[in-house]
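Scope of the values below: all heavy atoms of this structure, side chains included, with no hydrogens, waters or symmetry mates.
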Amino acid sequence: MSSMRGLVQFIADLRNARARELEEKRVNKELANIRQKFKSGSLNGYQKKKYVCKLLYVYIQGYDVDFGHLEAVNLISSPKYSEKQIGYLAVTLFLHEQHELLHLVVNSIRKDLLDHNELNNCLALHAVANVGGREMGEALSDDVHRLLISPTSKAFVKKKAALTLLRLYRKYPGIVQNEWAERIISIMDDPDMGVTLSVTSLVMALVQDKPEEYRGSYVKAAQRLKRIVVDNDIAPDYLYYRVPCPWIQVKLLRLLQYYPPSAEDSHVREIIRDSLQQIMHAAMDTPKNVQQNNAQNAILFEAINLLIHLDTEHSLMLQISSRLGKYIQSRETNVRYLGLEAMTHFAARAETLDPIKKHQNIILGSLRDRDISVRRKGLDLIYSMCDTTNAGPIVNELLRYLQTADYAIREEMVLKVAILTEKYATDAQWYIDMTLKLLSLAGDHVNDEVWQRVIQIVTNNEELQAYAAHTLLNYLKTDCHESLVKIGCYVLGEFGHLIADNQGSSPIEQFLALQAKMITSTDNTRAMILSSFVKFVNLFPEIKPQLLHIFKLYSHSPDSELQQRAFEYLSLATLPTDDLLRTVCDEMPPFSERASILLSRLHQRTAGTTDKKTWVVGGKDANTDQKEILMAQNTGLKRSFTTIVNGTKTGTNGTVPAPATAASPSSASGDLAGLNLSAPSAPPPNLASAAHLTPDWEIGYNRLYFADEGVLFEDAQIQVGLRSEYRAHMGVVKIYISNKASFPIGSLTTTVDNRSAPNLKADTKNLPDPSVPAAGQTHQTLFFAANGPFTEAPTIRISYLAGALQAYTLQLPILMHRYMEPSALSAEEFFKRWRQIGGGPLESQSTFSAVAKAKGISESFTRKSVEGFGWRVLDGVDPNPKNIVGCAVYQFSTGKTGCLLRLEPNYDKKMYRITIRATQEVVPQALAKQIEQRLSQGSLADDL
C-alpha cells in the first residue's frame with residue numbers, strides 16, 4: 001500500500017476531514033473520478049488495483065459502492081499475486097452468495113484451486129468460505145476436498161480446506177458427500193497438529209448429523225488423545241503455557257461424547273481411561289499462571305463431562321461430585337459457571353441425586369450470583385436436581401426469587417417452575433396453590449402455554465375442579481393478572497356449578513367477579529369471558545337477565561370478534577326452547593393425552609445453534625431415551641395424585657413360547673422321514689454382506705472357512721493373514737497386516753462390524769500400529785464370543801493412506817460351526833433324543849440344490865462337509881447308508897444346546913434334504929441356513 005501514494009493521500013484526506021459533510025464531499029469527488037477512470041477502459045493492472053483499493057476503503061467506511069465490481073472480478077485472473085489478492089478481497093466484500101456476478105468468478109476460483117501455487121490455493125479457499133453459496137459450493141466442493149486429501153498439499157492449505165468445507169457444510173449440509181467420510185477421518189492422524197485441529201472441527205460437525213458414517217472417528221479421537229496426553233507426542237510450538245494444545249484436547253474429549261460407551265472394545269475403553277486419569281492427575285495442582293489455569297480448567301471440565309457420559313465407575317462419579325462442589329464455590333466466575341454446567345450434566349446422568357443434594361444450599365445461592373450467566377446455569381441445575389423429596393422447598397425458593405429475578409430469565413423460570421410443580425405434585429391443593437401463585441407473581445412473563453396447561457390438567461382431573469374453581473374465584477375478586485382471568489373464566493364456565501352452593505360463590509358473585517374484569521382485560525380475554533357467560537345461561541337461569549344485558553351491550557362493540565360473538569350468544573340464549581343451548585353448552589370432554597406443551601416450549605428455548613449436546617437439561621428420566629427427549633412426553637398429573645407421570649410407557653407382555661410337542665413313537669425310518677426330493681427347491685440365499693465387500697474377498701474367505709490360519713486377502717500392497725483358536729463359546733482371532741510395498745503406509749485403521757450378527761459379541765484387545773514401514777507388519781487381536789445363534793459372518797474394514805486412501809472390506813470366516821463340538825451317540829440314544837426333541841420350532845427342514853466347483857458332489861465330499869461344520873458323523877444309524885447322521889453340541893455364553901442332523905443326498909439330481917433338531921429354538925434354523933448357504937453355492941469342494 002505504501003507504493004500507492006494516491007490511496008495513502010485519499011485515506012489521509014478522509015481522516016483529516018473536520019466534518020461529516022467534508023468527508024462526504026471528498027468521497028463523492030473520488031468516486032466520480034474512479035467511475036470516469038473505469039469508463040476510459042485504458043487502465044493497467046496496477047491502476048485497477050489502486051482504484052479498487054480506494055473503493056474498498058470507501059465501502060468499509062459505510063458508503064454504498066454500486067460500481068467497480070466487474071473490475072474487481074477481473075483482478076482475480078491477474079497473474080500478479082498483489083493484484084489477485086486485492087481482487088479476492090474485493091469479491092469477498094462486494095459480492096454475496098446471490099450476486100449476479102458470482103458465476104463469473106467460479107472458473108477463476110477453480111483455476112486457483114487447481115494451481116500448484118499454495119498462495120493462490122489459499123486465496124481461492126478464502127473466497128469459497130466467505131462468499132460461497134449453494135451454487136458455488138456444489139461446483140467447487142470437489143476441488144476443496146481434493147486440496148484437503150492431497151498428499152502434496154501443504155499443511156496450511158489443508159487447514160484452510162478443512163475449515164472451508166466446515167463453513168460450506170454448516171450452510172448446505174448436502175455439499176459434503178458421504179463417500180468422503182473415511183478419507184476425512186484418516187486426516188485426523190496427520191502429523192501436523194494444526195491440520196488435526198482443523199479436521200477435527202470438521203469431523204465434529206459431521207458426527208453430530210451423521211454419526212454412523214463417521215463412527216471411525218471415535219477410535220481416532222481416542223488414539224490421538226492418548227498420544228497427546230499420555231505419550232506427550234506433540235511439537236513444542238503447540239504447548240500453551242505448558243499445556244499440550246488444549247484446543248484439540250477439548251475437541252477430542254467432546255467428540256468422544258457423541259458416541260455411546262463401547263461395550264465391545266475394551267482396548268479403546270482402556271485408552272480413554274488412561275487419558276482421563278492423566279488429565280485428572282494433572283488437574284490436582286493449581287497453577288498460579290492464569291492462562292495455564294484456564295487451559296487446564298477447559299480440559300478438565302470437558303474430561304468430567306466425558307466421565308459423566310461414560311458413567312462406568314461409581315466411586316469416580318462420587319469424586320466428581322465432590323470436586324464439582326468445590327468448583328461451584330470458586331471465586332472465579334468462569335469456574336463457577338463451568339462447575340454448575342458440569343453438575344447439571346451429572347444430574348442428567350446420575351442414578352441418584354444424593355451427591356448433588358449435599359450442595360443444595362450453595363446451588364440455590366447461585367440464583368443470586370452477580371453474573372447472569374451463572375444465575376442461568378444455577379436455574380438449570382436446580383431444575384435438573386429436583387425430585388419428589390425436595391420439590392417443595394425448591395419450588396418455594398424459586399417463587400421467592402421470582403419476584404426479584406432478572407427479566408431476562410423470568411420467562412424461562414416460569415416454565416421450569418410450572419413443569420416442576422406439575423411433575424412432582426403429590427397433592428391436588430398444593431399443585432393448584434403453587435401454580436396460581438406462580439401466575440400471580442410472574443405477571444407478563446407467562447407464556448400462553450403455561451395457563452393453557454393448567455386448564456388442560458384441571459379439565460382432565462375431577463379431584464381438582466371444585467378446588468380450582470373456588471381458588472380462582474378468590475383471585476378474581478382481587479387485582480390479579482390477566483392470565484389468571486383467562487384460567488378463571490374457563491374453569492368457572494365449566495365447573496362453576498360445583499361451588500355455586502358455597503358461601504361467597506353464588507352464581508351472581510361469580511358473574512360480578514368476571515364482569516369486573518371485562519373493563520381492564522384485552523379483547524381476547526373479553527371474548528373468553530363472553531363464552532363463560534353463555535355457559536352461565538345454561539347453568540344458572542336465575543341470572544339470565546344480567547347475562548342478556550351483557551350480550552346486548554357487546555353486540556354493539558367496535559371489535560368485530562366481540563360483536564359477532566355477543567350477537568350469536570344473545571340469539572342462542574333467547575331461542576324459544578333451551579335444547580340447542582344445552583347441546584352447545586355441554587361440558588367440555590377431557591383433553592387427549594399428549595406431549596406436555598410446557599416441555600415442548602422448554603426444549604425449543606434450549607435448542608441452540610452451537611454444538612449439539614448429548615443430554616438435555618433435566619433429570620435422568622428426561623435423558624433415558626432420545627425419543628423421549630425429542631417427543632417431550634407427557635408430564636400430566638395422575639388422577640389419584642400419588643405422583644406425576646412423565647410419559648409413562650406401557651410395555652407389551654412377551655408371549656411364552658409353546659412347549660415343543662413330542663413325536664409319537666414309531667420306527668427309526670419313520671422318525672427320520674424327510675421331504676420329497678422331487679419337490680421344487682427355494683433359490684439359494686446370497687451372502688447378505690457381499691454387496692459392499694472388496695472384489696476377490698471370497699478367495700481367502702473360502703480358503704479359511706474351515707481352516708484356523710492362512711491368508712485372508714492379498715494384493716500388490718498388503719497381505720492380511722488370520723490365525724484363530726476357539727474354545728467353548730470363546731474365539732481368539734489375530735489379524736496380521738503386512739506391508740508389501742517399498743514405502744511406508746500411514747493412518748492404518750481397522751473397524752470390525754458385527755451388526756449383522758447381534759448374538760456374536762466382538763471385543764478388540766489391541767489396535768494395529770497406525771504406521772507400518774516398508775516390508776513391516778502389525779497385528780490386531782480380536783475376541784469373539786457366541787451369545788446365541790447367528791447366520792451372518794462379521795466383517796472387518798481395513799483402510800490406510802499410501803498416497804491416496806486404500807480401503808478393503810473383508811468378511812471374517814466366523815460362523816456357528818466355529819463353536820460346534822462333535823459329540824458321539826449310539827443309535828438307540830440318537831433316536832431317543834430325536835423323539836424327545838420333536839418338531840415344531842425345535843426342527844428345521846429344507847431341500848436345496850448342491851453345486852460343486854470342480855469335482856461334483858460325492859459321498860466323500862458330503863461326509864467331509866458335515867465334519868467340517870463341526871458334526872460327529874454317526875455311522876450305521878440311518879437305515880439308508882447314503883444318508884449322513886450327525887451329532888454336535890453348540891456352545892454359547894449362557895450354556896450349550898444339543899443338535900442332531902440328518903442329511904439326505906441325491907447324487908443324481910445334485911440335491912440335498914437337511915433336517916436339524918436342537919434343544920433350543922432358532923438354533924436349528926440358523927445351522928440349517930449356514931449349511932445350505934455353503935453347499936448350495938458350491939464353494940467347498942476344492943477347499944475340502
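Heavy-atom contacts from other residues, nucleotides or ligands closer than 6.0 Å to CD of E212 number more than 12. Within 6.0 Å of OH in Y169 there are more than 12 heavy atoms belonging to other residues, nucleotides or ligands. For D479, the CG atom counts as loosely surrounded, since its 6.0 Å shell holds 12 or fewer non-hydrogen atoms of other residues, nucleotides or ligands. Open room surrounds NZ on K552; 12 or fewer heavy atoms of other groups in view lie less than 6.0 Å from it. For K437, the NZ atom is loosely surrounded, since the number of other residues' heavy atoms within 6.0 Å does not exceed 12. No more than 12 heavy-atom neighbours from other residues, nucleotides or ligands sit within 6.0 angstrom of NE2 on H549.
Proximity of F346 to L381: side-chain heavy atoms (C-beta onward) are nowhere separated by under 4.5 Å. The shortest side-chain heavy-atom distance between V414 and L402 falls under the 4.5 Å cut-off. Side-chain contact between Y259 and V207 is present, with at least one heavy-atom pair separated by less than 4.5 Å. A 4.5 Å side-chain heavy-atom check between Y383 and M413 finds every atom pair outside the cut-off. Looking at heavy atoms from C-beta onward, I409 lies in side-chain contact with Y401 at the 4.5 angstrom threshold. Looking at heavy atoms from C-beta onward, R376 lies in side-chain contact with E412 at the 4.5 angstrom threshold. Contact annotation: the side chain of K416 never approaches that of I382 to less than 4.5 Å [non-hydrogen atoms, C-beta and beyond]. Side-chain contact between L420 and L398 is present, with heavy atoms from C-beta onward closer than 4.5 Å.
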Applying side-chain contact (heavy atoms from CB on, under 4.5 Å), run through I487 and Y475 and close with a yes or a no. CA-CA 11 Å; I487 302 175; Y475 272 103; over 6 Å; no
Assess the residue pair Q546 and I508 against the criterion (side-chain contact (heavy atoms from CB on, under 4.5 Å)); give the C-alpha distance rounded to whole Å, side-chain angles, the decisive distance to 0.1 Å, and a yes or no. CA-CA 9 Å; Q546 293 90 332; I508 190 64; 3.8 Å; yes
Take H309 and L256 through the test side-chain contact (heavy atoms from CB on, under 4.5 Å) and record every step on the way to the result. CA-CA 9 Å; H309 173 74; L256 291 171; over 6 Å; no
Taking it one step at a time, do F301 and Y327 satisfy ring-ring contact (aromatic ring centres under 6.0 Å, His included)? CA-CA 10 Å; F301 280 109; Y327 289 142; 5.1 Å; yes
Show your working on side-chain hydrogen bond (donor to acceptor under 3.5 Å, both in side chains) between S321 and K358 and close with a plain yes or no. CA-CA 10 Å; S321 174; K358 296 178 181 178; over 6 Å; no
Output, in order, the C-alpha distance, side-chain angles, deciding distance and verdict of side-chain contact (heavy atoms from CB on, under 4.5 Å) for D433 and Y467. CA-CA 10 Å; D433 292 341; Y467 183 77; 2.8 Å; yes
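When each of Y554, F540, F511 is tested with F533 by the rule ring pair (Phe, Tyr, Trp, His ring centres under 6.0 Å), just one qualifies, namely F511. Residue L492 forms a side chain to side chain contact (heavy atoms under 4.5 Å, CB included) with just one option from L472, L498, I499, and that option is I499.
In this structure, N390 contributes its side chain and D387 its backbone to a donor-acceptor pair below 3.5 Å. A donor-acceptor distance shorter than 3.5 angstrom exists from the side chain of E482 to the backbone of T522, with no hydrogens or angles considered. With hydrogens and angles ignored, the 3.5 Å screen pairs a side-chain donor or acceptor of R410 with a backbone N or O of Q403. With hydrogens and angles ignored, the 3.5 Å screen pairs no side-chain donor or acceptor of N461 with any backbone N or O of E463. The backbone N or O of G496 sits less than 3.5 Å from a side-chain atom of Q510, completing a donor-acceptor pair. Without hydrogens or angle criteria, S532 side chain to M528 main chain gives a donor-acceptor distance under 3.5 Å. Between the side chain of K377 and the main chain of R336, no donor-acceptor pair closer than 3.5 Å is present. The main-chain N or O of S505 is found under 3.5 Å from a side-chain atom of E509 such that the two form a donor-acceptor pair. Side chain of Q465 to main chain of T459: a donor-acceptor pair is present (N/O by atom type, distance under 3.5 Å, no hydrogens or angles). Using a distance-only test at 3.5 Å, with no hydrogens or angles considered, no donor-acceptor pair links the side chain of T471 to the main chain of A468.
With rounding to the nearest 0.5 angstrom, the NZ atom of K544 is 10.0 Å from the CG atom of N538. Y172 contributes atom OH, which lies 10.5 Å from atom CD of E135 (distance to the nearest 0.5 angstrom). In this structure, OG in S555 is found 7.5 Å from CG in L553, a value given to the nearest 0.5 Å. Expressed to the nearest 0.5 Å, how far CG of L206 lies from CE of M204 amounts to 11.0 Å. Atom CG of D380 sits about 5.5 Å away from atom OG1 of T344, to the nearest 0.5 Å. Remark: L324 CG to M343 CE distance equals 4.5 Å, nearest 0.5 Å.
Residues I308 and A342 share a closest heavy-atom pair of CD1-O, 3.5 Å. Taking both residues in full, the closest heavy atoms of L539 and G493 are given as CD1-O, 3.5 Å, listed atom of the first, atom of the second, then distance. Smallest separation of non-hydrogen atoms from A418 and V450: CB-CG1, 4.1 Å. I543 approaches P507 most closely through the heavy-atom pair CD1-O, 3.8 Å. Nearest heavy atom pair, residue S521 against residue K517, reads OG-O, 2.5 Å. Counting all heavy atoms, side chain and backbone alike, F551 lies closest to L530 at CE2-O, 3.9 Å.
Under the 3.5 Å distance criterion, with hydrogens and angles disregarded, a donor-acceptor pair is assigned to the side chains of R453 and Q456.
Checked against the 6.0 Å centroid criterion, the rings of Y258 and Y214 do not qualify as a close aromatic pair.
In terms of the salt bridge (charged side-chain N to carboxylate O under 4.0 Å, His left out) criterion, R167 has no residue partners (sequence neighbours excluded). Annotation: side chain to side chain contact (heavy atoms under 4.5 Å, CB included) contacts of E138 (sequence neighbours excluded): R134, I175.
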